[in-house]
Amino acid sequence: MPFLAVKFNLQKRVKLAQGLWLLYWLSVIVGITIFSLGIFFKIELKKRSEVMDDSENHLVPNLLILVGILACGLNAFGGKMCHDCLDPMKFSKMKPMLKPFMLMSCGFNVLLLLVALLCFLMQFSVYLTLAEGLRNAIRFYKDTDTPGRCFMKRTLDMTQIEFRCCGNNNFRDWFEVQWISNRYLDMNNDVVKDRVMSNVEGKYIMDSVPFSCCNPGSPRPCIQHHLTNNSAHYDYDHRTEELNIWNRGCREAVFSYYSSIMSGIGALTFIFIVLESADVAGLKYLSTTLETMADPENPECESEGWLLEKGVKETFTDVLGKLKILGRGTQVQEGGDAPEAAT
């Protein structure tokens with residue numbers, strides 16, 4: 001007995017075909033949206049590639065672009081099929097393509113599921129990439145004359161300004177590196193020489209942060225030098241007073257931004273899977289109701305459409321049986337090849 005069988009007359013068949021046509025073209029619009037989001041995400045990753053580790057890859061945006069292109073092509077063709085199905089002449093030409101097309105649509109849904117899962121699973125990889133990349137970016141901040149690092153300072157400054165963050169974990173990350181180039185240090189100055197000589201690695205390290213860490217919303221002029229020296233500033237206590245620089249680390253801020261993009265795309269992709277499943281189910285009903293018409297020459301006659309030709313249990317049993325037969329055939333073929341190889 002067919003699963004979820006429904007009786008159709010001419011009016012219901014026309015409404016089903018029209019509704020499916022609209023659904024398919026809605027899927028094309030969603031496909032264009034996913035393609036655009038893939039381009040947008042790829043551009044956002046490229047913009048901050050300097051503050052991300054070299055191991056960072058573009059698998060997710062590349063898959064989104066591919067999925068968007070496939071969605072537009074498949075669903076545009078599906079819309080055309082629904083439009084032509086009500087014409088008996090055109091349906092006879094389309095009929096051999098229906099089953100392969102539905103199998104392709106099911107495979108496309110599996111690909112969509114993979115993309116949706118990657119949008120959530122790859123967030124941890126982005127987090128690690130940002131942690132390593134920002135750590136290196138802070139180390140190379142001063143190397144404005146080094147090929148390949150010339151724009152590192154500008155990129156990191158713009159990142160801290162845009163995301164209202166400072167350092168990798170927090171502003172104290174800047175205390176651990178020399179972020180001022182030697183060309184801007186007066187080595188004849190006793191204070192500078194003492195600071196360099198007092199450091200084991202011979203670096204000019206101080207409790208200061210770049211200007212891009214400053215919070216312009218603070219009522220007090222930015223204190224970016226001697227942050228932990230209370231006596232260097234009037235009416236100041238770094239342990240109790242809220243500093244007028246950004247306290248949030250850039251790793252957390254940038255990851256939150258990328259995470260929201262990936263989660264939003266993942267949620268949209270799950271919705272798209274439901275929409276694509278509805279398209280496949282509707283096309284199955286439309287094809288079966290056209291195939292079961294008692295008199296194809298009479299469009300007024302009634303017919304029956306279904307989602308599965310047999311019940312769920314019977315269909316599942318048949319699929320398992322076919323898989324077992326396929327497995328046995330492969331084993332027999334392998335076993336038959338062995339003696340020939342021996343001779």
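As the structure is a computational prediction, the values presented were derived from the model and not from experiment. Only this structure's heavy atoms are used, side chains among them; waters, hydrogens and symmetry mates stay out. Numbering starts at 1 and runs along the sequence shown.
You'll find the side chain of Asn182 reaches within 4.5 Å of the side chain of Met187, heavy atoms only. Within the 4.5 Å cutoff, no side-chain heavy atoms of Trp179 are placed close to those of Lys203. A 4.5 Å side-chain heavy-atom check between Met52 and Tyr258 finds at least one atom pair inside the cut-off. A heavy-atom distance below 4.5 Å is found between the side chains of Tyr236 and Ile223. A heavy-atom distance below 4.5 Å is found between the side chains of Ile39 and Phe35. You'll find the side chain of Asp157 reaches within 4.5 Å of the side chain of Phe211, heavy atoms only. Between Val126 and Ser259 the shortest side-chain heavy-atom distance does not fall below 4.5 Å. Taking the side chain as every heavy atom from C-beta outward, Arg164 and Asn215 never approach each other to under 4.5 Å.
Taking the six-membered ring where tryptophan is involved, the planes of Tyr141 and Trp174 are perpendicular, since the angle between them exceeds 60° and thus also 30°. Note on ring orientation: taking the six-membered ring where Trp is involved, the planes of Phe255 and Tyr127 are perpendicular (angle over 60°, cut-offs 30° and 60°).
Remark: side-chain polar atoms of Asp173 are not paired, donor with acceptor, to backbone N or O of Arg135 under 3.5 angstrom. A donor-acceptor pair under 3.5 Å is formed between the side chain of Trp246 and the backbone N or O of Cys214. When atom types are taken as modelled, the side chain of Asn75 and the backbone of Leu26 share no donor-acceptor pair closer than 3.5 angstrom. In this structure a side-chain-to-backbone donor-acceptor pair under 3.5 Å is missing from Asp143 to Arg149. Looking only at distances, a side-chain donor or acceptor of Gln160 sits under 3.5 Å from a matching main-chain atom of Gly167. Of the possible polar contacts, none joining the Ser256 side chain to the Glu252 backbone as a donor-acceptor pair under 3.5 Å is found. Not one N or O on the side chain of Gln224 forms a donor-acceptor pair closer than 3.5 Å with the backbone of Ser208. The backbone N or O of His225 sits less than 3.5 Å from a side-chain atom of His233, completing a donor-acceptor pair. Without hydrogens or angle criteria, Asn244 side chain to Pro221 main chain gives a donor-acceptor distance under 3.5 Å.
Put simply, NZ on Lys193 and CG on Asn188 are 6.5 Å apart, with the number rounded to the nearest 0.5 Å. Interatomic distance, OG1 of Thr129 versus CD of Gln123, reported as 12.5 Å (0.5 Å rounding). In this structure, the separation between OH on Tyr24 and CE on Met81 is 7.5 Å, given to the nearest 0.5 Å. Separation of atoms CG (Leu156) and CG (Leu134) is listed at 7.0 Å; rounding is to 0.5 Å. Residue Ile180 holds its CD1 atom at 11.5 Å from CD1 of Ile205, rounded to the nearest 0.5 Å. Taken from CG in Leu64 to CG in Leu59, the straight-line distance is 9.5 Å, to the nearest 0.5 Å.
Closest of all the heavy-atom pairs between Val60 and Phe41 is CG1-CE2, 4.0 Å. Nearest approach of Ala116 to Gly266, heavy atoms of both residues: CB-O, 4.0 Å. For the residue pair Cys165 and Ala253, the shortest heavy atom distance occurs at CB-CB, 4.0 Å. Heavy-atom minimum distance, Glu276 versus Phe108: OE1-CD2, 3.8 Å. A pairwise comparison of heavy atoms in Cys166 and Cys250 identifies N-SG, 3.8 Å as the closest pair. Ser105 and Val280 make their closest contact through CB-CG2, 3.4 Å (heavy atoms, listed as atom of the first residue, atom of the second, distance).
A continuous path of ILVMFWY side-chain contacts below 4.5 Å connects Phe270 to Leu70, so both sit in one hydrophobic cluster. Ile271 and Ile265 are assigned to two separate hydrophobic clusters, defined by single-linkage of ILVMFWY side chains at heavy-atom distances under 4.5 Å. When the side chains of ILVMFWY residues are joined at heavy-atom separations under 4.5 Å, either directly or via intervening members, Leu283 and Leu74 end up in a single hydrophobic cluster. Note: the hydrophobic cluster containing Met104 also contains Leu275 (ILVMFWY, side chain heavy atoms under 4.5 Å, direct or indirect links). Follow the hydrophobic side-chain contacts under 4.5 Å out from Met262 and you reach Phe120 in the same cluster.
By the neighbour-count criterion of 12 heavy atoms within 6.0 Å, atom OH of Tyr257 is densely surrounded, having more than that number from other residues, nucleotides or ligands. Few gaps surround CE on Met102; more than 12 heavy atoms of other groups in view lie less than 6.0 Å from it. In Lys46, the NZ atom is not crowded: 12 or fewer heavy atoms of neighbouring residues, nucleotides or ligands sit closer than 6.0 Å. More than 12 heavy-atom neighbours from other residues, nucleotides or ligands sit within 6.0 angstrom of CZ on Arg195.
A salt bridge is defined here as a Lys NZ or Arg NE, NH1 or NH2 lying under 4.0 Å from an Asp or Glu carboxylate O, and Glu176 with Arg172 fails to meet this definition. Using a cut-off of 4.0 Å between Lys/Arg side-chain N and Asp/Glu carboxylate O, Lys47 and Glu162 are scored as not salt-bridged.
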Check the pair Leu128, Phe124 against side-chain contact (heavy atoms from CB on, under 4.5 Å), reporting the backbone distance first and the verdict last. CA-CA 6 Å; Leu128 296 178; Phe124 182 67; 3.5 Å; yes
Walk me through it: do Val51 and Val254 pass the test side-chain contact (heavy atoms from CB on, under 4.5 Å)? CA-CA 10 Å; Val51 296; Val254 179; over 6 Å; no
Going through the checks in order, is the side-chain contact (heavy atoms from CB on, under 4.5 Å) test met by Ser277 and Ile273? CA-CA 6 Å; Ser277 301; Ile273 292 172; 4.2 Å; yes
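Donor-acceptor pairing under 3.5 Å is recorded for the side chains of Asp279 and Ser27.
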